[in-house]
Amino acid sequence: ETGVTQTPRHLVMGMTNKKSLKCEQHLGHNAMYWYKQSAKKPLELMFVYNFKEQTENNSVPSRFSPECPNSSHLFLHLHTLQPEDSALYLCASRGTLNTPEAFFGQGTRLTVV
Amino acid sequence: GEDVEQSLFLSVREGDSSVINCTYTDSSSTYLYWYKQEPGAGLQLLTYIFSNMDMKQDQRLTVLLNKKDKHLSLRIADTQTGDSAIYFCASGGYNTDKLIFGTGTRLQVFP
């Protein structure tokens with residue numbers, strides 16, 4: 001148990017659906033991340049939020065829309081996804097950008113059909 | 001851009017030592033990490049080392065850093081079947097967003 005909780009653990013959605021992934025931490029961390037993990041590829045950094053402000057958007061398509069309403073919660077809103085977006089989506093949190101430890105959630109396994 | 005590279009597979013016998021290697025390109029990396037991922041799970045932080053250190057030991061784990069060559073290694077002593085997993089190397093900087101990960105090394109431990 002890392003203290004970072006992601007829901008749902010598994011999600012199957014059609015290409016025309018809209019869904020959201022949720023990440024929650026009560027570690028008092030101020031930086032939160034979304035990563036995409038696809039088979040046989042390095043972890044891809046998608047978005048970073050620091051003190052609720054987005055500080056990194058790693059050329060992610062607009063069909064992925066992040067939201068960080070407070071330092072404890074991070075969402076990833078999904079709409080009109082493609083089958084190649086099927087992957088494990090991982091959330092991570094870090095105390096501040098100056099603290100080394102970054103903890104990950106269990107991930108959401110997304111399948112787009 | 002920044003890059004982290006690892007070999008894809010390592011197979012060892014139970015009880016032997018495992019050494020997983022990693023190279024990185026970002027010379028400004030302040031922290032170097034090792035994460036473990038078991039099937040169906042997220043990434044578990046195993047250990048990390050500051051770039052001003054050349055070695056860190058934590059029970060069965062020994063991390064060696066050669067900053068000149070930008071080479072990081074993780075040695076697992078007395079490897080057990082429960083150590084079978086994917087091990088990720090990552091680099092991060094001080095006061096920077098980015099945590100850059102390698103592709104991961106799949107460690108298989110056989111009896």
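Note on naming: letters A, B, ... go to the chains in the order of the sequence lines (proteins, then strands), and numbering restarts at 1 for each one.
Around the NZ atom of Lys56(B), the shell of radius 6.0 Å holds more than 12 heavy atoms that belong to other residues, nucleotides or ligands.
Here Ser86(A) pairs with nothing under the side chain to side chain donor-acceptor pair (under 3.5 Å) rule; sequence neighbours left out.
Both the backbone and the side chain of Leu43(A) come within contact range of chain B, judged by heavy atoms closer than 4.5 Å. Looking at Glu44(A), there are no atoms closer than 4.5 Å to chain B (heavy atoms on both sides), in backbone or side chain. Of the atoms belonging to Arg109(A), not a single heavy atom falls under 4.5 Å from chain B.
Linking ILVMFWY residues whenever their side-chain heavy atoms come closer than 4.5 Å, directly or via other members, leaves Phe75(A) and Phe47(A) in distinct clusters. A single hydrophobic cluster is seen to contain both Leu76(A) and Met15(A), as judged by linkage of ILVMFWY side chains at heavy-atom distances under 4.5 Å, directly or through other members. Residue Met13(A) is grouped with residue Tyr89(A) when hydrophobic side chains (ILVMFWY) are merged at heavy-atom distances under 4.5 angstrom, including chains of intermediate members.
For residues 59-75 of chain B, an interface with chain A (any heavy-atom pair closer than 4.5 Å) does not exist. Scanning residues 101-111 of chain B against chain A with a 4.5 Å non-hydrogen threshold yields Phe101(B), Gly102(B), Thr103(B), sorted by number. Using a 4.5 Å heavy-atom cut-off against chain A, the contacting residues of residues 32-55 of chain B are Tyr33(B), Tyr35(B), Gln37(B), Gly40(B), Ala41(B), Gly42(B), Leu43(B), Leu45(B), Tyr48(B), Phe50(B).
Taking OH of Tyr31(B) as the reference point, atom CZ of Arg94(A) lies at 6.5 Å (rounded to 0.5 Å).
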